[in-house]
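Below: the structure, in structure tokens.
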Amino acid sequence: MKTYYADMHIHIGRTYTGKPVKITGAKSLTFSNIIQHARNEKGLDMIGIIDCHSPEVIEEISQLLHLGEIVEHDDGGLLYGDMSIIPGSELEIYDQNCQGPIHVLCFFPTIRAMSDFSIWLSQHLKNIQLSSQRIYVSGRLLQKKVKELGGLFIPAHVFTPFKSMYGKGVNRSLTEVFDPERIDAIELGLSSNTKMAEQIAELKDFTFLTNSDAHSLKKIAREYQTLSLNAPTFKEFAMALKQNGGRKVSANYGLDPLLGKYHGTACAKCLTPFRVDEGICQQCGSEKYIKGVADRVAELVSSHVERIERPPYIHQVPLEFLPGLGPKMLEKLLDHFGTEMAILHRVPYEQLKKVVPLTIADLIMAARKGELHLQAGGGGKYGKISGD
């Protein structure tokens, strides 16, 4: 069994001809740019690329397969050298059972299965070219179709205030919208962690994923996990989600929830911390607020939860969050040590000190050990590393 670094939620901003896919995604986020950056600079072993249902993305993948630049593995997934790509799609559900919109991730083993899914999707949404589109079928019907095509179904960033299962979509339980037997895992999102999510009894049997939801190249792998697999394939990934045959998520690496954009309840107008019991923002006087993940989880906590053994959740701070570590210094680190995964996990302190100032080397080591001091984010504003 080997260990693989995996980020399973990366968006496509544009097609190879320049057409938009994820409107809020960077133009540099083409399929080809993503796979090069994820492998060569981030050092990932497996990635899930969302938005592969877009017809021009399918065309680009087909061209790369024809040229031999990527190949399909017999057990599912696309191999780009020694990195595996799992094609996926993010969709928005807002059926008659939803309290609000919910984003979900659907992954497929082959480009043929993704193409068949795209054809089916085109009959049930307004624009097949774009990401995160509302699909006009029920959550349960979507689950059924994904399973018919041999796919995986995963609710996305489940606690964030907008467009998520617990943040907006259901009152108390995922069973209001979904068949739990057809859910393969739960994606936690940037403002929560295992300790928060495991307080909800109905999540006990699900594997937790920590992914970046990257809207730019530099955001790839701001959250990720390590997988224990025999090979980086779709089949092995599916087995890991069910913890079959020794395959598993061996560790989750994510932002401390305090750094997430939606951890604390914040004023909707000025984004300062908001106390609901006060009823009014003490900064600007607004009565409108965005409920933070911490407060929403507190509403959902179960009175009794059977504790199970889960992989460690390691509060990993991405290099871009470290004060004083700008693009030029990051480039210097990459020139010396190869990839961000190597810098974050493997490069010895003595080697770091030879390349960057002592203060930066100390910050990298503190981030590695989870010893940084943080200020909470909320309302769409990231938390930050404090100088305390």
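Positions are given from 1, in the same order as the sequence printed here.
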With sequence neighbours left out, write down each residue that passes side chain to side chain donor-acceptor pair (under 3.5 Å) with Tyr16, or none if nothing qualifies. Glu59, Gln63
Are Ser228 and Lys2 linked by a side-chain donor-acceptor pair shorter than 3.5 Å? no
Which of these passes side chain to side chain contact (heavy atoms under 4.5 Å, CB included) with His9: Leu105, Ile49, Leu209? Leu105
Between Ser250 and Thr226, do the side chains contain an N or O donor and an N or O acceptor separated by less than 3.5 Å? yes
Donor + acceptor pair across side chains of Glu41, Thr339 (<3.5 Å): no
Compute whether any side-chain donor of one residue and acceptor of the other, for Asn211 and Gln225, lie under 3.5 angstrom apart. yes
In this structure, are over 12 heavy atoms from other groups packed under 6.0 Å from Lys353 atom NZ? yes
Residue pair Tyr80 / Ile85: nearest heavy atoms and the distance that separates them: CB-CD1, 3.9 Å
With the threshold set at 4.0 Å, does a side-chain nitrogen-carboxylate oxygen contact exist between Lys328 and Glu331? no
Please collect all salt bridge (Lys or Arg N to Asp or Glu O under 4.0 Å) contacts where either partner lies in residues 229-239, sequence neighbours excluded, each pair once. Glu236-Arg247
Please say yes or no: joined through hydrophobic side-chain contacts below 4.5 Å, possibly via intermediate residues, are Tyr224 and Leu241 part of one cluster? no
Can you get from Ile220 to Phe107 by hopping between Ile, Leu, Val, Met, Phe, Trp and Tyr side chains that sit under 4.5 Å apart? no
Does a side chain donor of either His336 or Gln351 reach within less than 3.5 Å of an acceptor in the other side chain? no
Checking Val293, Thr160, Leu255, Asp256 against Leu190 for side chain to side chain contact (heavy atoms under 4.5 Å, CB included), the one that qualifies is Leu255
Electrostatic pair Asp184-Lys242, nearest N-O below 4.0 angstrom: yes
Take Phe178 and Phe153 through the side-chain contact (heavy atoms from CB on, under 4.5 Å) test and state the conclusion after the steps. CA-CA 10 Å; Phe178 299 122; Phe153 185 90; 3.6 Å; yes
Is Lys291 paired with Glu299 through a side-chain N to carboxylate O contact shorter than 4.0 Å? yes
Is a side-chain donor-acceptor pair under 3.5 Å present for Asn33 with Ser28? no
Under the rule for ring-ring contact (aromatic ring centres under 6.0 Å, His included), what residues qualify as partners of His103, not counting sequence neighbours? His157
Polar side chain donor-acceptor pair, Thr210 to Glu223, under 3.5 angstrom: no
